[in-house]
Protein chains: 2
Amino acid sequence: MAATSRDVAREAGVSQATVSRVLTAGTPVSEKTRARVMDAMARIGYVPNRAARTMKTGRTGTIGVVVADLGNPFYPQLLEALSRSLDASDHRMTVWVSDGGKNQAALDAIREGTVDGVIFTTVTEHSHELARALEQRSPLVLVNRTVEGADCDQVSSANRQGAGLIANYLVAHGRTRIAFIGGTPLASTTAQRLGGFSDRLARLGHPLPDELVAHGAYTHESGCRTAAQLLHLNPGINALVCSNDLLAFAALDTAKAAGIRVPEDLWVIGYDDIQQSSWRSLNLTTVRQDVAQLAAEATRLLLARLDDPDRPAIRVELEPTLVVRASSAFAPA
Amino acid sequence: MAATSRDVAREAGVSQATVSRVLTAGTPVSEKTRARVMDAMARIGYVPNRAARTMKTGRTGTIGVVVADLGNPFYPQLLEALSRSLDASDHRMTVWVSDGGKNQAALDAIREGTVDGVIFTTVTEHSHELARALEQRSPLVLVNRTVEGADCDQVSSANRQGAGLIANYLVAHGRTRIAFIGGTPLASTTAQRLGGFSDRLARLGHPLPDELVAHGAYTHESGCRTAAQLLHLNPGINALVCSNDLLAFAALDTAKAAGIRVPEDLWVIGYDDIQQSSWRSLNLTTVRQDVAQLAAEATRLLLARLDDPDRPAIRVELEPTLVVRASSAFAPA
DNA sequence: CTGAAAGCGCTTACAG
DNA sequence: CTGAAAGCGCTTACAG
């Protein structure tokens, strides 16, 4: 059905090997031959077969990406950015949407030669699969969520620092009756942001009591439940810090339902600065992550590892910035 | 590096062909041999090489999915559903995030044997690539956005019918000073929803004047601009119907900014029923699409086509339902 | 039921 | 610069 390099060779009156050489940069082919072959390829509508190429080169040109939850708009944004950076380096992207179980599928794909390497966006602490994959020296990089001490390339926001910016900001404006809502403590995003926030608050003289910290899942529904509980048990709270924007949206919803005015009575702060956060109906103060940069670094590190499996693992942290919007800005003095 | 079937054969004391047979369902292998081979595979940690298999079978086991805009939460939801249904049928999913240009990349992937077929979620009318792909008889299916008269399998919401539900609802409640905001008219979602809506309105005796129909892009920003213009030029409007939820969110934002109360002064209606629509801060009346069903049908049709390239093309329309929420429900009599 | 062998479509030393 | 040939790791007739 589809034309092969042999068909092109026949059409151009050269050997099959010469056709292949024309396709491979840096191989010596005379201009005349090259032109004849290119012509023949165009006439026939030839496209080289990827599987055959993969068999010889051992490279698929495809990278796997594992995402846990596309319901958090942060991940589609990250996925889109990864698509862009992988595309720019001429790679395809195979995606697994995990409910926890798909990390293994992606790692298997490395072993069966479906992808060259894998980008994990949502790894959690104590992941058995991760440990085994690292033992097998599978080419992989962690983006967004990281694992302390894991021997692989990792890219994330400087979460502790970003959370510190929030603490500074709240204390500077006298909003010190603060509660914190996190996702699962097994996610580094929750752990590091809570850690950085609480440490900074303590250093500023306003330690965060344990009973004002709540954990849940990274979903709207869980955020609503957790926020309602916190606000109910601690009516004096005047700032609610959430470990991501999705939870912060839930907090805004919950405050609205309880008749609590934002920002007059309550400031709400998120983390990520996803697109929705700038919508007027949400208008959330948050810490911005540069998703494009996150994706670019992840891609760069993974491709570098494919080229040199023995290079030492690198940990990249991107600078976060505080973005002040209406969920906090216009507080009374 | 990685173990091959030959390594397994040596370990099990059989021929390489026998190892291959153990992996292929429906090939006759004695129980004793099978057990010995399975054992050897487990010991060695053998995983069959996909590229080699693809070369022989002509099947990659991977399906391509092209998505235009992950900024509209509908698409991540659809992508997640597709991931699930493809996974259930033991296929991997390669994703292209298009800014218009990636349809061709996906079609090329079919020709180079990277994917077996492609699912387009965001095709537009008069697509040159689509026409060429159909000429080449590339295995593909259109989901969500469809193209009238295109000779390929297509799945979508019954958009005209869904939009009709909105018209019925508005007229029944006397909300007849209506404007409509669409995305690009080249998208079937806009064309069909507008068509179905306007036809039904006319039939109910309240024809929709041209000047109350505005088109833009399917983005929050464009929605805000378009809504602001419509509301400014036509202060008497008491219902704003949007061709998807993303635009409806923008309409809500815009109304809020203009001091227009929803639903007292203005009803806002969307289409899709994405997750966010049920959040309290948005709480949007909308028409629900069943994303899981959309994905399941698309997957089913594509795999059926791979098995039988000559089967006649099918057009599937899924039943929409109206979901009434606070952006319309609690209007004064 | 099992083995020996051909072949899928490329890339890449090896000669010339 | 070019051709003939080997081989990547499988599947699958073809014999036995």
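Chain letters run A, B, ... following the sequence lines, proteins first, then strands; residues in each count from 1.
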In whole angstroms, how far is the [atom2] atom of [N] from the [atom1] atom of [X]?
X        : N      : atom1 : atom2 : answer
A:Arg50  : C:dC10 : CZ    : C1'   : 12 Å
B:Glu112 : C:dG9  : CD    : C1'   : 13 Å
B:Leu23  : D:dC10 : CG    : P     : 8 Å
B:Arg36  : C:dC1  : CZ    : C1'   : 13 Å
A:Tyr46  : C:dG9  : OH    : C1'   : 7 Å
B:Gln16  : C:dG7  : CD    : P     : 16 Å
A:Arg10  : D:dG3  : CZ    : C1'   : 16 Å

Where the side chain of [X] meets the backbone of [Y], is there a donor-acceptor pair that is under 3.5 Å apart?
X        : Y        : result
A:Arg111 : B:Gly45  : yes
A:Gln154 : A:Ala150 : yes
A:Gln77  : B:Gly71  : no

Base, sugar-phosphate, or nothing for [X], non-hydrogen atoms under 4.0 angstrom?
X       : result
A:Arg21 : base
A:Val19 : nothing
B:Thr18 : sugar-phosphate

Among [options], find the nucleotide with the atom closest to the side chain of [X].
X       : options              : result
A:Ser20 : D:dT2, C:dT12, C:dA5 : C:dT12
B:Asn49 : C:dG9, D:dC10, C:dA4 : D:dC10
B:Thr33 : C:dT2, D:dG3, C:dC10 : C:dT2
B:Thr4  : D:dC10, C:dA5, D:dG3 : D:dC10

Pair A:Thr146-A:Ser156, side-chain donor/acceptor within less than 3.5 Å: no

Distance-only donor-acceptor check, side chains A:Thr33 and A:Ser30, under 3.5 Å: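 Distance-only check passes for A:Thr33 and A:Ser30.
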
Residue closer to the 5' end of DNA chain D, A:Lys32 versus B:Thr24 (nearest nucleotide):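 Comparing both residues, the 5'-ward one is A:Lys32.
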
Pairwise side-chain contact, B:Tyr46 with B:Asp7, heavy-atom cut-off 4.5 Å (strictly under):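 No, side chains not in contact.
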
Counterpart base for D:dA13, defined by Watson-Crick or G-U wobble contacts under 3.5 Å: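 By the stated definition (distances under 3.5 Å), nothing pairs with D:dA13.
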
Mate of D:dA4 where both pairing distances stay under 3.5 Å, Watson-Crick or G-U: none

DNA chain D-proximal residues of residues 52-62 of chain A, any heavy atom under 4.0 Å: A:Met55, A:Lys56

Test log, rule side-chain hydrogen bond (donor to acceptor under 3.5 Å, both in side chains), inputs B:Asp116 and B:Thr60: CA-CA 6 Å; B:Asp116 295 330; B:Thr60 64; 3.0 Å; yes

Residue that, paired with B:Tyr218, satisfies side chain to side chain donor-acceptor pair (under 3.5 Å) out of B:Asn72, B:Asp69, B:Thr189, B:Thr184: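 With B:Tyr218 as partner, B:Asn72, B:Asp69, B:Thr189, B:Thr184 yield a single side chain to side chain donor-acceptor pair (under 3.5 Å), made by B:Thr189.
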
B:Ser15 side chain near C:dT2 phosphate (N/O to OP1/OP2, under 4.0 Å): no

